[in-house]
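Notes to accompany the following structure.
For this chain, numbers begin at 1 and follow the sequence in order. In this text the structure is predicted, and so the values were computed from the model without any measurement. Order of listing sets the numbers, starting from 1, for every ligand and every atom in it.
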Amino acid sequence: MDLGIRGKRALVCASSKGLGRGCAAALAEAGVDLVMNARGAGALEAAAADIRAAHQVGVVTVAGDITTGAGRAAVLAHGPFDILVTNAGGPPPGLWSDWSREDFLRAIDANMLTPIALMQAVLPGMMAKGWGRVVNITSVSVKAPVAVLGLSNTARAGLTGFVAGTARQVASKGVTINNLLPGSHATDRAIALDGAVVRARGITMEEAIAERSATIPAGRYGTAAEFGATCAFLCSSHAGFIVGQNILLDGGATNATL
Ligand code: NAP
């Protein structure tokens, strides 16, 4: 399917690896020029080189921390953008009783206030043009809390509320905002979370992965490529009537009728 977005320009945050990279690659395959970001310059340059070679699109790299004002200013200087994919690393696991006010503020800054600031920066330009797409990478924890990820449960719920209201205020200008909610995907983040289980329970990594896979009806983790393809469709010309939705990509793991 032609996604109808060839020649558009996208900012894909936190995209040197994992789900962000999957989104960047799928948009590039659809002919979208990219601004890619991550903190580590080495992996970022390598990912950008792979995507340029595979898809012959323009790729600008901006190394920096997207959760800081300076990091956001550096990427936004490369606008204007037709498409925004927000993403950042997830908060660390722990127990509800462990976290301090500072831990909550860090999580809220990274996983709620950063995507909100990016949307506030790009939405006016998109609305003036009469076309825009925003996809926020959030988490299954928005639909079903993950016990050890209370910081994620909390911060992402706030972002979800902002999107629910804002998406309906910009839709008449041809701008859509939607959230993609990953369940377990085979990325460094999943390996880090499985590693914590390995250390806590004295089991092997293979056992930790097999245990988690057994809780997923699809019987496996998702891939960054599958995730990216869904993101690219939400950014396509065909998806203009999908507004303010929270789309779960979890292999059926969330046991709910709706
Ligand atoms: P990942 O494989 O660890 O990749 C994270 C990417 O983001 C890397 O490119 C990393 O590069 C970049 N990054 C992290 N913090 C950043 C920052 N502050 N500024 C700029 N770039 C940053 O993670 P992932 O699995 O793709 O996860 C992406 C998001 O989805 C996370 O918020 C995660 O919590 C959420 N999620 C993932 C899963 C899953 O199963 N994978 C499930 C639910 C939710 P640098 O380290 O070089 O900056």
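- Each of Val32 and Leu84 belongs to its own hydrophobic cluster when Ile, Leu, Val, Met, Phe, Trp and Tyr are linked at side-chain heavy-atom distances under 4.5 angstrom.
- When only interatomic distances are considered, the shortest N/O to N/O separation between Val140 and ligand 1 does not fall below 3.5 Å.
- Between Ile66 and ligand 1, an N or O atom pair is found at a separation short of 3.5 Å.
- Near Thr67, meaning under 4.0 Å from any of its heavy atoms, are these atoms of ligand 1: 18 (N).
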In sequence, state the C-alpha distance, the side-chain angles, and the governing distance for Val75 and Ile66, and then conclude on side-chain contact (heavy atoms from CB on, under 4.5 Å). CA-CA 8 Å; Val75 292; Ile66 198 67; 3.7 Å; yes
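- In this structure, His185 and Phe227 have perpendicular ring planes: the angle between them is above 60°, well past the 30° mark.
- Among Cys13, Ser152, Ala14, the residue whose heavy atom lies closest to atom 6 (C) of ligand 1 is Ala14.
- Heavy atoms of Leu44 found under 4.0 angstrom from ligand 1: none, in either backbone or side chain.
- Residue Ala88 has at least one nitrogen or oxygen atom sitting less than 3.5 Å from a nitrogen or oxygen atom of ligand 1, judged on distance alone.
- By the 3.5 Å distance cut-off applied to N or O atoms, Gly40 is counted among the residues near ligand 1.
- Looking at Ser16 against ligand 1, both its backbone and its side chain come within 4.0 Å, counting heavy atoms.
- At under 3.5 Å, a nitrogen or oxygen of Asp65, whether backbone or side chain, sits near a nitrogen or oxygen of ligand 1.
- Less than 4.0 angstrom separates some heavy atom of Ser184 from each of these atoms of ligand 1: 40 (O).
- Cation-pi contact between Lys173 and Trp131: absent, since separation from the ring centre below 6.0 Å together with deviation from the ring axis within 45° is not met.
- An N or O contact shorter than 3.5 Å links Leu19 to ligand 1 by distance.
- Ranked by closest heavy atom to atom 38 (C) of ligand 1, the top entry among Gly183, Gly18, Gly90 is Gly183.
- In this comparison of Arg212, His185, Arg72, Arg156, the heavy atom closest to atom 34 (O) of ligand 1 sits on Arg156.
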